[in-house]
Amino acid sequence: MIKVQGLTKSFGRQQVLRGLDLEVPTGSITVIIGRSGGGKSVLLKHLIGLLHPDAGRVLVDGVEITGLRGRALDEIRQRYGVVFQGGALFDSMRCAENVAFPLREKLHLPRPEIVRRVEAALHQVGLEGMGAKYPAEISGGMRKRVAIARALVTEPEIVFFDEPTTGLDPILVNTIHHLILDLHQKFRFTAVMVSHEIPEIFEIADTVAMLHEGRIAEVGPPPAIQASSNPVVRQFIRGEPENAEGR
Ligand SMILES: Nc1ncnc2c1ncn2[C@@H]1O[C@H](COP(=O)(O)OP(=O)(O)OP(=O)(O)O)[C@@H](O)[C@H]1O
Ligand SMILES: [Mg+2]
């Protein structure tokens with residue numbers, strides 16, 4: 001469903017993506033791992049069309065989105081849900097208004113339908129009755145759950161999660177992972193997730209892709225990644241410190 005071919009992106013002199021290839025099968029949960037600052041969020045932003053590559057392409061169901069702008073891009077984005085790194089809730093809006101936002105902006109649904117869907121979405125993430133609170137009035141874990149509810153409320157075909165659990169306690173990490181798995185089983189969306197949660201992500205991913213030096217160094221199902229003989233992958237998933245060359 002999502003195909004990335006030769007994606008290349010620099011910021012000034014810094015080459016972040018260096019001809020990256022990746023395929024994300026329809027209905028799968030694909031988790032992207034890799035070093036902090038390695039370009040995972042940059043990759044995700046290309047998939048969403050927030051960044052345009054210097055070279056290479058992103059195809060969604062065979063349609064190249066890399067050159068799209070304006071309305072054509074909006075149409076593709078209608079099918080997306082996005083949980084940004086840090087949640088990115090609107091602080092001046094109540095939680096329910098945050099969740100309602102894509103229904104109003106993207107789907108232009110009538111009010112009673114919006115209210116019904118927002119209540120259902122908050123219920124799904126275990127936050128029923130919290131809709132009237134502002135983001136500043138709830139905990140970090142609850143904010144993440146509101147962000148997930150907002151991403152899923154439109155019942156998107158494809159959902160992007162950029163570190164949905166970073167900074168949460170271990171119980172909440174598992175709670176959010178199970179929430180994502182439950183919702184995935186219900187709605188069968190295609191998920192692309194960036195995560196640092198090792199080893200937890202091996203339990204929810206269908207496919208794990210390791211980003212290293214601007215390319216996917218290895219991709220495969222969790223058991224293959226866990227048993228990988230690639231030193232880059234082994235070092236990363238074991239959390240071994242860098243050696244003298246800084247690799
Ligand atoms: N808009 C931008 N302008 C300039 N440089 C950028 C921009 N966006 C990202 N970068 C640079 O690209 C590199 C990769 O950033 P990115 O946010 O993708 O890392 P990451 O892999 O998501 O890291 P983390 O795990 O810490 O979130 C960083 O060095 C960052 O400074
Ligand atoms: Mg990031």
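As the structure lists them, so they are numbered: ligands from 1, and atoms in each ligand from 1. What you see is a predicted model; the values in this text were computed from it and never measured.
Note on ring orientation: taking the six-membered ring where Trp is involved, the planes of Phe161 and Phe189 are tilted (angle from 30° to 60°).
Taking 4.5 Å as the limit, every side-chain heavy atom of Leu122 sits out of range of all side-chain heavy atoms of Met130.
Within a 6.0 Å sphere centred on NZ of Lys106, other residues, nucleotides and ligands contribute more than 12 heavy atoms. With a 6.0 Å radius and a threshold of 12 heavy atoms from other residues, nucleotides or ligands, His52 has its NE2 atom above the threshold.
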Only distances under 3.5 Å count here; give the side-chain donor-acceptor pairs of residues 194-205 to other protein atoms, sequence neighbours excluded, each with its distance to 0.1 Å.
{"unit_1": "Ser195", "atom_1": "OG", "unit_2": "Glu197", "atom_2": "N", "d": "3.0"}
{"unit_1": "His196", "atom_1": "NE2", "unit_2": "Glu163", "atom_2": "OE2", "d": "3.1"}
{"unit_1": "Glu197", "atom_1": "OE2", "unit_2": "Thr165", "atom_2": "OG1", "d": "2.9"}

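Salt bridge annotation for Glu75-Arg71: absent, with no cationic side-chain nitrogen under 4.0 angstrom from a carboxylate oxygen. Salt-bridge annotation for Arg143 and Asp91: absent, with no side-chain N of the basic residue lying under 4.0 Å from a carboxylate O of the acidic one.
Within the protein, the N, O or S atoms lying under 2.8 Å from the Mg ion (ligand 2) are Ser41 OG, Gln85 OE1.
The 4.0 Å heavy-atom shell around ligand 1 contains residues Phe11, Gln14, Val16, Arg35, Ser36, Gly37, Gly38, Gly39, Lys40, Ser41, Val42, Gln85, Glu163, His196, ordered by chain and number.
In terms of the ring-ring contact (aromatic ring centres under 6.0 Å, His included) criterion, Phe187 has no residue partners (sequence neighbours excluded).
With respect to Glu157, the side chain to side chain donor-acceptor pair (under 3.5 Å) criterion is satisfied by exactly one of Arg188, Gln78, Arg79: Arg79.
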